[in-house]
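All values reported here derive from a predicted model rather than from experimental measurement. By convention in this document, chain letters (A, B, ...) are assigned in the order of the sequence lines, proteins followed by strands, and residues within each chain are numbered from 1.
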Amino acid sequence: MDPAQAGDAMTTLFALCDCNNFYASCERVFQPQLNGKPVVVLSNNDGCVVARSNEAKALGIQMGAPFFEIRDLAECGDVHAFSSNYVLYGDMSSRVMATLSLFTPNIEVYSIDESFLDLGNFYKKDLNEYCWEIKRTVQQWTGIPISLGVAPTKALAKVANKLAKKSQKAKGVLVLTDPHHLAEALKATQIEDVWGVGRQYAKLLRRHGVSTAYDFTQKNDAWVKKHMAVVGLRLVKELRGESCLELEELAPPKKGICTSRGFGERLTEYSQIEEATASYAATCARKLRKQGSCARVMTVFLQTNFFSEREPQYSNSRTITLPVATNSDLELIHYASLALKSIFRPGYRYKKSGVFLTEIVPNYQIQYDLLDKVDREKHNSLMETVDRLAARYGRDIVKVAAQGLDPLWQMKCERRSPCFTTRLSEIPIVYIE
DNA sequence: TCTGGGGTCCTAGGACCC
DNA sequence: TCTGGGGTCCTAGGACCC
């Protein structure tokens, strides 16, 4: 093999593509009158700001700001605030990812609004022009604006992406392959902006004279390993251009599945909390079935509001090992109620409960119990039917009676936009006893 | 009054065994 | 009963991500 070819075969190249202000952009796609206006999207229960349009950022609204701080702005119409609409965002995300996969056969969907593209075979193309073509196409086909950063490793692609967004000149696309450009980019990147460096590591690094990504690459491996373990070592190598993180095209099955939410209002009655917790258990069950697995260990937790200092506080959890791993709504709800009953104490105003499943195994690896009295075949076929109905008519079309009829605990989302892209169900809900 | 939810990976330390 | 080393498994906690 001639040396030039050998070189090519060794060279990696990744693009990190991320949707600008994703949730806010989704809200704007179907309401173009919001273009150019400040838009924010709120967390569950309309608690705090989780996404902001550029105009909202310019107003000084911070990520994570509690909604009550900007309520006045929203009420007089200076800011358009939306409850989060995950059905809409999930659907828009699929459209973006489908469009991106037309540009390379190898893509890793990293989160709802980010993906890595393997551009290893595209070195000879005009990369800048190719990225612009990707950006234009996604904008045209989905209405979502994206930014692209391209570099030889995933961590460097993240650096490139951040600068692509920040730089007036780049306007959303930055290709970093030249070593001098890479060094400049690392010098222009503050250490806390590096992927994998959180608050604690940033503090530690600054204490040791590291203030930019470039400074970090100058630290020796032994020091990095000692203070930041193998994860830190991998990161510093990636920043020096040595690719250690591969593209993960197939998401591995989850090892833990959790569903927990704050209640729409404080709850004091056991029966209401039981309904909410039953619903969380059913959501966990649906997540399990979606990835083709069952869980054997369940933890249920319950807590009051830690923020309100004057009220009496209580929190507790109970972990149960099930006789046989399962993904049935009925069984998981049954055990969730048992666990909840054992930790519930009257006399508190509760804020939140949750269900957490572990020891997750594929459906085909379940250990059965000789004394098992549950008719598993019947449960499976019931759940299959429930999932089919849900896929056709919407998630809550069929549910277990324990989940309740008119739940007081349901999240507050007073500012939800319509589900523009998915069917709205008009069929009455069916309950399984 | 109001302050999100759902994950991953790694390490240290203790229990236990040979 | 004490001495020592080495291995495995489990758990709790800390760090990070979006």
Side-chain angles (χ1 to χ4, degrees), chain A residues 16-19 21-23 40-51 61-72 74-75 81 83-86 89-90 93 108-116 154-155 158 161-162 191-205 224-235 244-245 248 251-266 280 283-284 286-288 290-291 297 299 301 303-311 317 319 321 349 351-360 411-415:
Chain A
L16 175 67
C17 163
D18 110 319
C19 302
N21 315 326
F22 183 54
Y23 298 168
V40 302
V41 175
L42 306 171
S43 64
N44 283 336
N45 279 318
D46 296 346
C48 58
V49 174
V50 292
I61 298 173
Q62 294 298 309
M63 186 70 170
F67 179 51
F68 66 84
E69 284 178 13
I70 58 158
R71 186 185 295 276
D72 290 347
E75 259 147 35
S83 303
S84 33
N85 184 343
Y86 289 104
Y89 310 150
S93 172
E108 170 186 342
V109 175
Y110 179 69
S111 75
I112 193 164
D113 70 334
E114 272 181 58
S115 60
F116 287 101
K154 282 178 151 186
K158 277 268 188 185
N161 180 283
K162 269 233 154 101
I191 191 63
E192 29 283 292
D193 291 338
V194 172
W195 186 41
V197 176
R199 273 227 300 279
Q200 301 305 318
Y201 284 149
K203 258 200 293 196
L204 171 96
L205 286 164
V224 176
K225 172 106 196 267
K226 180 173 169 219
H227 290 91
M228 301 171 72
V230 293
V231 181
L233 193 55
R234 209 161 48 201
L235 175 62
C244 304
L245 299 166
E248 290 175 36
K254 301 205 184 320
K255 297 168 181 171
I257 286 178
C258 179
T259 305
S260 96
R261 261 165 218 130
F263 310 130
E265 44 191 272
R266 301 287 168 271
Y280 305 155
T283 300
C284 284
R286 189 179 62 230
K287 293 179 186 172
L288 277 176
K290 200 173 161 203
Q291 69 165 26
V297 171
T299 300
F301 62 88
Q303 53 190 237
T304 51
N305 182 15
F306 298 128
F307 282 104
S308 66
E309 287 164 8
R310 289 189 306 276
E311 283 189 76
S317 73
T319 299
T321 300
R349 295 174 70 237
K351 166 75 197 291
K352 181 178 182 178
S353 73
V355 176
F356 183 43
L357 303 176
T358 49
E359 285 197 24
I360 290 172
M411 289 187 298
K412 241 187 342 200
C413 34
E414 289 160 351
R415 301 164 170 272

- Task: State plainly whether the residues Glu359(A) and Lys255(A) are in salt-bridge range, i.e. N to O under 4.0 Å.
- Result: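 Salt bridge absent between Glu359(A) and Lys255(A).
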- Message: With a strict under 4.0 Å distance from non-hydrogen atoms of chain A, what nucleotide opens and what nucleotide closes the contacted stretch of DNA chain B, reading 5' to 3'?
- Response: dC2(B) to dT11(B)
- Residue pairs passing the side-chain hydrogen bond (donor to acceptor under 3.5 Å, both in side chains) test where at least one lies in residues 195-205 of chain A, sequence neighbours excluded: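 Every pair satisfying side-chain hydrogen bond (donor to acceptor under 3.5 Å, both in side chains) with a residue in residues 195-205 of chain A: Tyr110(A)-Trp195(A).
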Does [X] reach a base, just sugar-phosphate, or nothing at all? Heavy atoms under 4.0 Å.
| X | result |
| --- | --- |
| Lys352(A) | sugar-phosphate |
| Phe307(A) | base |
| Asp113(A) | sugar-phosphate |
| Val194(A) | sugar-phosphate |

- Looking at Tyr280(A) versus Phe356(A), is the centre-to-centre ring distance below 6.0 Å?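 For Tyr280(A) and Phe356(A), the ring centres are not under 6.0 Å apart.
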- For Ser260(A) and for Lys225(A), locate the closest nucleotide of DNA chain B by heavy-atom distance; then report the residue assigned to the nucleotide nearer the 5' terminus. Ser260(A)
- Task: Check whether any side-chain N or O of Ser43(A) sits under 3.5 Å from a backbone N or O of Cys48(A) as a donor-acceptor pair, and report yes or no.
- Result: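 Pair found, side chain donor or acceptor close to backbone of Cys48(A).
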- Query: Would a distance-only check, ignoring hydrogens and angles, find a side-chain to backbone donor-acceptor pair under 3.5 Å from Asn305(A) to Lys351(A)?
  - Reply: no
- Message: Quick check: do Thr304(A) and Arg349(A) have side-chain heavy atoms less than 4.5 Å from each other?
- Response: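 No - every pair of side-chain heavy atoms lies 4.5 Å or more apart.
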- Item | Charged tip of Lys352(A) within 45° of Phe263(A) ring normal and under 6.0 Å | no
- Query: In which stems does DNA chain C show up, taking only runs of three or more Watson-Crick or G-U wobble pairs whose two distances fall under 3.5 Å?
  - Reply: B:5-18 with C:5-18
